[in-house]
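These values consider heavy atoms only, across backbone and side chains, with no hydrogens, waters or symmetry-generated copies. Owing to the predicted nature of the structure, the values given are computational and were not obtained by experimental measurement.
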Amino acid sequence: MSEDDSLSLAQKAYHTVTPGTRPRANSEMDSIGWTMFLILVVLMVPFLPFIAIVYVLSKVFGYLNAQRGPSP
């Protein structure tokens, strides 16, 4: 049995000349993600009253439609 036969499918498909790296915290991308989240929150806060109004109106119209009964 050769060495090639004992390799798993993942090991056969994974060919690289560089050594593997160990998982580590990626603080740079983490800070970019938090910055984007905070920017989106700041941009969405002014729209919250409109979103709340649309939500309440949809619930009221849904309730009134249910009270009216099925259409013929």
Participant: How many angstroms lie between CG in L64 and CG in L57, if you round to the nearest 0.5 Å?
Facilitator: 10.5 Å

Participant: So if you build clusters from Ile, Leu, Val, Met, Phe, Trp, Tyr with side-chain heavy-atom gaps below 4.5 Å, do V45 and I53 land together?
Facilitator: no

Participant: List, by chain and number, the other hydrophobic cluster members for I39, where Ile, Leu, Val, Met, Phe, Trp and Tyr join if side-chain heavy atoms come within less than 4.5 Å, directly or indirectly.
Facilitator: L43

Participant: Which Ile, Leu, Val, Met, Phe, Trp or Tyr residues join M36 in one cluster when any pair of side-chain heavy atoms under 4.5 Å counts as a link?
Facilitator: M29, I32

Participant: Can you list the steps and then say if Y55 with K59 is a side chain to side chain contact (heavy atoms under 4.5 Å, CB included)?
Facilitator: CA-CA 6 Å; Y55 176 76; K59 291 295 179 180; 3.3 Å; yes

Participant: Can you tell me how far the CG atom of D30 sits from the OG1 atom of T35, to the nearest 0.5 Å?
Facilitator: 9.5 Å

Participant: Could you name each residue pair satisfying ring pair (Phe, Tyr, Trp, His ring centres under 6.0 Å) that touches residues 31-54, not counting sequence neighbours?
Facilitator: W34-F37

